[in-house]
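Notes for the one structure printed next.
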Amino acid sequence: MIKLEDLRKIDVKGMYKIYDEWPKIARESYFSNLSEINFERCSHIVFAGMGGSGAIGDIFSAILSKTNTHVTVVKGYHLPRTVDSKSVVVITSISGNTVETLAMLDDARRIGSKIIAFSDGGRIYEICLKNNIEHRNVSKYHSPRASFTSFLYSMLRVLKPIIPIEESDILESIENLEKISKTINSENISMSNPAIQISEWINNSPIIYFPLGLQPVAIRYKNSLQENSKMHAMIEDIIESSHNGIVGWGTKNNFQPILLRGQDDYTTTKERWEILKEFFESQNIEYKEVISENGNILTKIICLIYLLDYSSIFLAVKLGVDPTPVVPINFVKERLH
Ligand SMILES: O=P(O)(O)OC[C@H]1O[C@](O)(CO)[C@@H](O)[C@@H]1O
């Protein structure tokens, strides 16, 4: 069992404190005085960012998938050719210095797209200031991944005129985050904390199964297990995996399946969950189901991310690793030109 003293020894003032404050940060960020964008509704929005910033684009993609706004999420150096002067390109980099994101900002400027950028200073802020490009400064807390909530909810505010999301859905997501944080927090070191239950269960690298709308959660959890818990993790689409991934269980391996389920998945998806569970039981493979809160898609996504991010931090403590440093990322960055 994870001990609070261990938790405190590793990082008392850092990441845990920020996660405990996520509900407050979400509310303050949504009701901040950042001005809303003055763009007209457009048919193509492009979210450009890497890692945690890219995961924010995945969330917008999921919540807009039921509207007639076409969303492209780009994680890399180049924007696709379908981006033109009528597209809105949303640049997100918490540090404001990520090389790939800077390259995408360059691309968007060359194409002549409408641009709005979000960062906590950095080169992106300087470029926007110099070239009269819309930019909103959002505060970074601890690290890019821990700053997720301040960026997501600030962006929900600023992008309001071009994003067809009901305000009531956004408020519902914050209220649910406030509710679950009463049991999921760094002071509740007991099995009544669902994040601890998950971290206690994980002994090997997880394979995270997800339904369509929860893909951003699976991506974010994979990233958090890698960056915080320092372990490998894989993701599998529940439908697609029955055409390939399921065969991978055919030899002995050390993976553990985690089933990320929505409260109201499609009937066709529910059928797959039942078949997958039956398959695991027939192979004596233990699995863990994690079921979303009830509510709109944003509520489901943000509450699951909060729970699972926390589990990745508790897991780091259980494994005896510090969740904060990401030394191999620095190895790559130092070699990039
Ligand atoms: O939001 P930024 O500062 O562009 O960083 C993107 C990603 O890069 C990292 O900082 C690692 O390089 C991640 O933690 C982060 O999610």
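In what follows, every heavy atom counts, from backbone to side chain, and hydrogens, waters and symmetry copies are set aside. We count ligands from 1, going down the list as the structure has it; atoms in each ligand are counted the same way.
- At distances below 3.5 Å, at least one donor-acceptor pair connects side-chain atoms of D84 with backbone N or O atoms of S87.
- The shortest N or O to N or O distance between R145 and ligand 1 is not under 3.5 Å.
- Using a cut-off of 4.0 Å between Lys/Arg side-chain N and Asp/Glu carboxylate O, E286 and K288 are scored as not salt-bridged.
- In summary, the atoms of ligand 1 found under 4.0 Å from a heavy atom of E227, numbered by their order in the structure, are 13 (C), 14 (O).
- Residue-ligand proximity, G52 to ligand 1, at heavy-atom distances under 4.0 Å covers atoms 15 (C), 16 (O).
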Apply side-chain hydrogen bond (donor to acceptor under 3.5 Å, both in side chains) to K222 and Q226, showing your working. CA-CA 6 Å; K222 176 191 80 66; Q226 292 163 337; 3.1 Å; yes

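- Some N or O of S93 is nearer than 3.5 Å to an N or O of ligand 1, by distance alone.
- Among P144, G96, S53, the residue whose heavy atom lies closest to atom 15 (C) of ligand 1 is P144.
- Nearest protein neighbour of atom 8 (O) of ligand 1, counting heavy atoms only, is K333 NZ, 4.4 Å.
- For N228 (side chain) and L225 (main-chain N/O), no donor-acceptor pair under 3.5 Å exists by modelled atom type.
- When only interatomic distances are considered, the shortest N/O to N/O separation between G51 and ligand 1 does not fall below 3.5 Å.
- With respect to the salt-bridge test (charged N to carboxylate O, under 4.0 angstrom), the residues D265 and K300 do not qualify.
- With respect to the salt-bridge test (charged N to carboxylate O, under 4.0 angstrom), the residues E178 and K24 do not qualify.
- Here the protein heavy atom with the shortest distance to atom 11 (C) of ligand 1 is I329 CG2, 3.5 Å.
- Which of V99, T98, T92 comes nearest to atom 2 (P) of ligand 1 through a heavy atom is settled by distance: it is T98.
- Ring to ring, F279 and W249 are not that close: their centroids are 6.0 angstrom or more apart.
- The shortest contact between atom 6 (C) of ligand 1 and any protein heavy atom is with M50 O, 3.1 Å.
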